[in-house]
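Inspection log for the structure reproduced underneath, given as structure tokens.
This one's a predicted model, so the numbers in the text were calculated from it and none came from an experiment.
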Amino acid sequence: MILKCQIFHGGERITSLISEDAGPEELEAIAMAVHSLVGLPTTIRSLKRRGLRLENGRIIDRDYTGPILEEVLRTGKTARGVPKEGTYMGRNVAVSPIFSRSGKVIAAIGIVDLLSVLKMQEIIRTVVNNSPAVVFLWRNEGKWPSEFVSENVVQFGYTVEDFISGNFLYGDIIHPDDLKKVKEALERRIRRGEVDFNIEYRIFTKAGDLRWVNERAFIQRNEDGEITHLQGLVLDVTERKEKEEALRESFEMQRLLRTIINNSQAVAFLWENKENLPAKYVSENVAQLGYTVEDFISGKVIYGNIIHRDDTDRVNETLKRNIAEGQDSFGIEYRIFTGDGKMLWVDERVFIQREPEGRATHLQGLVVDITDRKEAQKMLEIQRELGAKLNTSWNLHSILNMVLDACLQINGIDAGGIYIKDELMDQINLVESRGISPEFKEKVSRFKEDSSEAKQVWAEKPIYSMDFYSENMAEAVKKEGITAVAVIPLKYSNEIIGSLNFASHTMDRIPWNIRNFLESIALQVVSHIAPVCIQADLS
């Protein structure tokens, strides 16, 4: 059945004879009329058959349909929108239904939304004329040659002619470290069929300065879907980037300080720049130094008073010198006393806070216990000196006394003895000792080969347990006040020739760093002790 239909568009009435089965030939007249009137891409189809697509005064497609056309045919309502698929994906379109006299939808006709185009043109003009955004139209070629650039490109030191003439290609002003990132990001968007592209990167001004920009580009395709041009808005965001970086650095420093305070041995202080450094703030982990936060904040404990008196002048002079020289920070190592009187080496990193006029008002400090590191340095120096001394003597007692003198320099090790194996008596004898009472010395002066103590030495492994002493020695050990022991067998040519025995009256165990040191000493000295013992036996 052929029906006389009416459509209304822009206030004008167009009459044609079409049906719900109308094909491209029957729709051509009305499509050309509308297309000629608006001068914009036009599409049309009937309810049951595909139709036409027109651009630039000619028919491009005679078997056309689109998602918005199909939507309007279903709903019977005019629709404005941006298709997510199809030929006009990403472009504003307006589609109206065509009704029969009985009110039935028999076709739909659509055009690019003229009002949206005009609005977009106005927006672009406003952006170009009243904002820092620079508009570019680039060809999709190597380094993106420009076909158009707005005059406000002068903010980067360039002229329109610089780009339009080809003297400057846009890709050449992008920082080399960012160019690959920009290319790859654009290629990903194109592969996905996206219609726009957004990225931030650095460009060089004509004067050679570096600026951060945000680029919002729209990907333009031809009728065959090929990328022909990129329309870009380039906005200088350097100031924002600098603020973001400053904020990031600030957050990073805060995060770092929180990490140090919460997860490390560093103690944070804020001192007034006054005599003896009264504290305005101290982190809770000051407890590792044997103090409480209240000790310092209340003034009960003044930080300057816990610094070793031999280091006080050096600390004060270093602080005054760095303030006078205008330094922002400095580092220093010195000794302090803990709440229970123990001496520690600390490394302090100081940040000097000043008023606008430059006067130093406060000191922010991070104090880290480096006693172990200092002890390790001390141990290396002791070993070096001992090695030099051992090469000067072939006297057994002199050698053993050198070893005791060296090892007893270690904090916490306050007693020691060296046992040498006696082959004739089947026992080990205490040849030299320090730091033990005569009574205890008598009890431990020798251990028979079948004794618990000797058997542990023969096992060839270091012993760091109070269980080294047999039960019948327990009372004597307790009376002597020994709380920790280290027994290191001396092995030479696959044979045990004696042992280094050390003890502490203050520590409840021998720390790992001291264990490593004593075992290194044993390896170092056995090659000096054994030959002397062999020579004595031969004599």
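For the residue pair Gln155 / Asp236, no side-chain donor-acceptor distance below 3.5 Å is found, with atom types taken as modelled. Looking at Arg354 and Thr361, their side chains never bring a donor and an acceptor atom within 3.5 Å of each other. Under the 3.5 Å distance criterion, with hydrogens and angles disregarded, a donor-acceptor pair is assigned to the side chains of Thr65 and Arg45.
Between Arg248 and Glu245, at least one side-chain N (NZ, or NE/NH1/NH2) sits under 4.0 Å from a carboxylate O, which counts as a salt bridge. Salt-bridge annotation for Glu226 and Arg221: absent, with no side-chain N of the basic residue lying under 4.0 Å from a carboxylate O of the acidic one. The residues Glu187 and Lys183 are annotated as not salt-bridged, no charged nitrogen and carboxylate oxygen being separated by less than 4.0 angstrom. Under 4.0 Å is where a charged nitrogen must lie from a carboxylate oxygen, and between Glu272 and Lys274 at least one such pair does. Taking the charged nitrogens against the carboxylate oxygens, Asp21 and Arg49 have no contact shorter than 4.0 Å, which rules out a salt bridge. Arg50 and Asp61 are not joined by a salt bridge, as no carboxylate oxygen comes within less than 4.0 angstrom of a charged side-chain nitrogen. Note on Lys300 versus Glu294: no salt bridge recorded, every NZ/NE/NH1/NH2 to OD/OE distance being 4.0 Å or above. Using a cutoff of 4.0 Å between basic side-chain nitrogens and carboxylate oxygens, Lys241 and Glu200 are scored as salt-bridged. Between Glu194 and Arg188, no side-chain nitrogen of the basic residue sits less than 4.0 Å from a carboxylate oxygen of the acidic one, so the salt-bridge criterion is not met.
For the pair Arg515 and Tyr464, the cation-pi criterion (under 6.0 Å, within 45° of the ring axis) is fulfilled.
Aromatic ring centroids of Phe269 and Phe296 lie under 6.0 Å apart.
Ring planes of Trp271 and Tyr303: tilted class, angle from 30 to 60°.
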